[in-house]
Amino acid sequence: YIVKKILPFSLQPSSLSEIVGEEKINITNNREGISIARDGGHLLIIPERSGERIRVFAQAQSMEAAGELCDSIEELIAAAENANNKDNNE
């Protein structure tokens, strides 16, 4: 099963490695984006060329598990965006 989400992303695409890096789980940064292998499945995060959004693909054994993987990355991205916005407002 595969779940796809498109998320707003105002940070530099190069910061994706840092944002998901705290996961410490088999991260591969390639030309296509970032690939993350987890026990429950696999994630692919691809920045759009415009730099305004990212596409997140999650693959797992069930639709629920794929959704949970996608949600976990969405939470990390949102936290990074909020931290960046807070820093810019200070």
Side-chain angles (χ1 to χ4, degrees):
Y1 296 92
I2 296 175
V3 171
K4 174 186 176 183
K5 286 190 177 185
I6 298 175
L7 307 173
F9 190 71
S10 62
L11 305 172
Q12 293 293 322
S14 59
S15 67
L16 280 171
S17 294
E18 289 179 32
I19 293 169
V20 298
E22 62 190 71
E23 299 268 329
K24 305 276 191 244
I25 303 171
N26 300 329
I27 296 173
T28 304
N29 192 355
N30 59 32
R31 285 183 263 158
E32 288 288 317
I34 296 173
S35 175
I36 304 170
R38 289 180 148 186
D39 291 338
H42 185 82
L43 287 151
L44 180 61
I45 305 169
I46 304 170
E48 291 191 352
R49 290 183 185 186
S50 67
E52 297 174 359
R53 297 183 292 198
I54 58 172
R55 290 177 283 156
V56 179
F57 297 88
Q59 180 180 13
Q61 294 294 324
S62 70
M63 189 63 77
E64 181 181 350
E68 288 173 4
L69 286 172
C70 222
D71 291 345
S72 69
I73 293 301
E74 184 175 13
E75 289 172 11
L76 288 173
I77 298 296
E81 290 275 351
N82 289 337
N84 184 59
N85 291 337
K86 184 179 176 184
D87 290 344
N88 288 338
N89 290 331
E90 291 181 353

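All heavy atoms count here, side chains included; hydrogens, waters and symmetry mates do not.
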So, does Asn82 use its side chain to make a donor-acceptor pair with the main chain of Ala78 at under 3.5 Å?
-> yes
Step-by-step side chain to side chain contact (heavy atoms under 4.5 Å, CB included) determination, Glu48 to Arg55 = CA-CA 7 Å; Glu48 291 191 352; Arg55 290 177 283 156; 3.8 Å; yes
With a 4.5 Å limit on heavy-atom distance, are the side chains of Ile45 and Ile36 in contact?
-> yes
Check the surroundings of atom CD in Glu64: do more than 12 heavy atoms from other residues, nucleotides or ligands lie under 6.0 Å from it?
-> no
Apply side chain to side chain contact (heavy atoms under 4.5 Å, CB included) to Ile77 and Leu16, showing your working.
-> CA-CA 8 Å; Ile77 298 296; Leu16 280 171; 3.9 Å; yes
Side chains of Ser10 and Glu81: donor-acceptor distance under 3.5 Å anywhere?
-> yes
Do Ile19 and Phe9 pass the side chain to side chain contact (heavy atoms under 4.5 Å, CB included) test, and can you show the C-alpha distance, the side-chain angles, and the key distance before you say yes or no?
-> CA-CA 12 Å; Ile19 293 169; Phe9 190 71; 3.8 Å; yes
Glu74 vs Leu7 side-chain heavy atoms within contact, under 4.5 Å = yes
Joint cluster assignment, Val3 & Ile73, ILVMFWY side-chain distance < 4.5 Å | no
Run the side chain to side chain contact (heavy atoms under 4.5 Å, CB included) check on Leu43 and Ile34 step by step: do they pass?
-> CA-CA 8 Å; Leu43 287 151; Ile34 296 173; over 6 Å; no
Heavy-atom side-chain contact between Phe57 and Leu69 under 4.5 Å = no
Heavy-atom closest contact (Ile54 atom, Pro47 atom, distance) = CG2-CA, 3.8 Å
Ala60 to Gly40 - nearest heavy-atom pair and separation | CB-O, 3.3 Å
Taking atom CD of Gln59 and atom SG of Cys70, what is their separation to the nearest 0.5 Å?
-> 12.0 Å
Taking atom CZ of Arg53 as the centre, report whether more than 12 heavy atoms of other residues, nucleotides or ligands fall under 6.0 Å from it.
-> no
